[in-house]
Amino acid sequence: MPSDLQSRRTTKLRKLPRAFFAREAEQLAHDLIGTILVHRIDGKQVSGRIVETEAYVGAHDLACHAAKGRTARTEVMFGRAGHAYVYLCYGIHDMLNIVSGHPEVAQAVLVRAAEPLDGWQANLSGPGNLAKGFGITRRHNGLDLTGGEIFLLEDPSYVPRIVRTRRIGVDYAKEWKDAPLRFIDADSGAVSRPRFR
DNA sequence: GCGTCGATGGCA
DNA sequence: GCCATCGACGCG
């Protein structure tokens, strides 16, 4: 009998296309929960299910780096959706963001946590740990995430229970600090700070 | 289980 | 002088 499990296994997971990313950051951040991030390197690959994201919705969003203007660092955010925006945080951690929306409107989604798949053992909880675990650094800034090196897969068989909270670490952002723009998979143990309101 | 703190570097 | 963090430490 073709069990659900069996048909699931034979399902070819579709690579997320450009159109998936070319939407409002808030919607993209929500829809990225449950999708699979893949990094192919040296003929091998690692993958993990995304369980936590944050939307940074444009230059008017005081928590968004683009609020400080269009600079060398933020340039990719003003470009085409589906590219990586990777920056150094606190002098130590690289962070992976996915550019969303449309050119000239600086939006991105920060990928904050994932669960390793395929028997891979890694701590992918928290944006710094996620980038480190996946081997993603500022070298990948501007990389097209619809290509063959780092890309995302949809997984229709996984239906997460998504909860919204305020974003982490943006208390300086005045009227934007409490905006409910963080999305978590409520049933995942890999979410960073699971009880954060 | 909580608060505090140091590491560390690019950026405006 | 900030920071879209992390992990170690001290407390009790």
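Sequence lines set the chain letters: A, B, ... in the order given, protein chains first and strands last, and positions in each chain run from 1.
- A:Asp171 has no carboxylate O lying under 4.0 Å from a charged side-chain N of A:Lys177, or vice versa, which leaves the two without a salt bridge.
- For A:Lys15, the NZ atom sits in a packed shell: over 12 heavy atoms of surrounding residues, nucleotides or ligands are nearer than 6.0 Å.
- Remark: ring of A:Tyr56 stacked against base of C:dA4; centroid gap under 5.5 Å, plane tilt under 30°.
- Nearest to the side-chain atoms of A:Leu88 among the listed nucleotides C:dA4, B:dG9, C:dT5 stands B:dG9.
- If you measure from atom CG of A:Leu124 to atom C1' of C:dC6, you get 15 Å, rounded to the nearest angstrom.
- In this structure, the OH atom of A:Tyr87 is 18 Å from the P atom of C:dC2, given to the nearest Å.
- For A:Glu75 and B:dA12, the CD to P distance is 12 Å, given to the nearest whole Å.
- At a threshold of 4.5 Å between side-chain heavy atoms, the hydrophobic network of Ile, Leu, Val, Met, Phe, Trp and Tyr places A:Leu28 and A:Leu130 in one connected group.
- Heavy atoms of A:Asn129 sit under 4.0 angstrom from primed sugar atoms or phosphate atoms, though from no base atom.
- For A:Arg164 and A:Glu26, the salt-bridge test passes: some basic side-chain N is under 4.0 Å from an acidic carboxylate O.
- Atom C1' of nucleotide B:dC11 and atom CE of A:Met95 are separated by 15 Å, given to the nearest angstrom.
- As judged by a 4.0 angstrom heavy-atom cut-off over every strand, A:Arg73 is placed among residues touching the sugar-phosphate backbone only.
- C:dG7 and B:dG10 have their C1' atoms separated by 22 Å, with the value rounded to a whole Å.
- For the side chain to side chain contact (heavy atoms under 4.5 Å, CB included) with A:Ile50, the lone residue among A:Asp185, A:Val109, A:Leu37 that qualifies is A:Leu37.
- Counting non-hydrogen atoms under 4.0 angstrom, A:Arg193 reaches nothing in the nucleic acid.
- Distances shown here put every side-chain N or O of A:Asn123 at or beyond 4.0 Å from the OP1 or OP2 atom of C:dC6.
- If you measure from atom CG of A:Asp171 to atom P of C:dC2, you get 15 Å, rounded to the nearest angstrom.
- Applying the Watson-Crick and G-U wobble criteria (two distances, each under 3.5 Å), B:dT8 pairs with nothing in any strand.
- A salt bridge does not link A:Glu115 to A:Arg49: none of the charged nitrogens lies less than 4.0 Å from a carboxylate oxygen.
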For nucleotides 5-8 of chain B, give me every protein contact, N/O to N/O, under 3.5 Å, one pair per line with atom names.
| unit_1 | atom_1 | unit_2 | atom_2 | d |
| --- | --- | --- | --- | --- |
| B:dT8 | O2 | A:Tyr90 | O | 2.2 |

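- The side-chain hydrogen bond (donor to acceptor under 3.5 Å, both in side chains) analysis of residues 96-109 of chain A, with sequence neighbours excluded, yields the pairs A:Glu24-A:Gln107, A:Arg70-A:Glu104, A:Ser100-A:Gln107.
- Contact annotation: A:Thr71 side-chain N/O to B:dA12 OP1/OP2 distance is under 4.0 Å.
- Taking atom CD1 of A:Ile184 as the reference point, atom C1' of C:dA4 lies 17 Å away to the nearest angstrom.
- Atom CG in A:Leu110 sits roughly 11 Å away from atom C1' in C:dT5 (whole-Å rounding).
- Atom CE in A:Met77 sits roughly 13 Å away from atom P in B:dC11 (whole-Å rounding).
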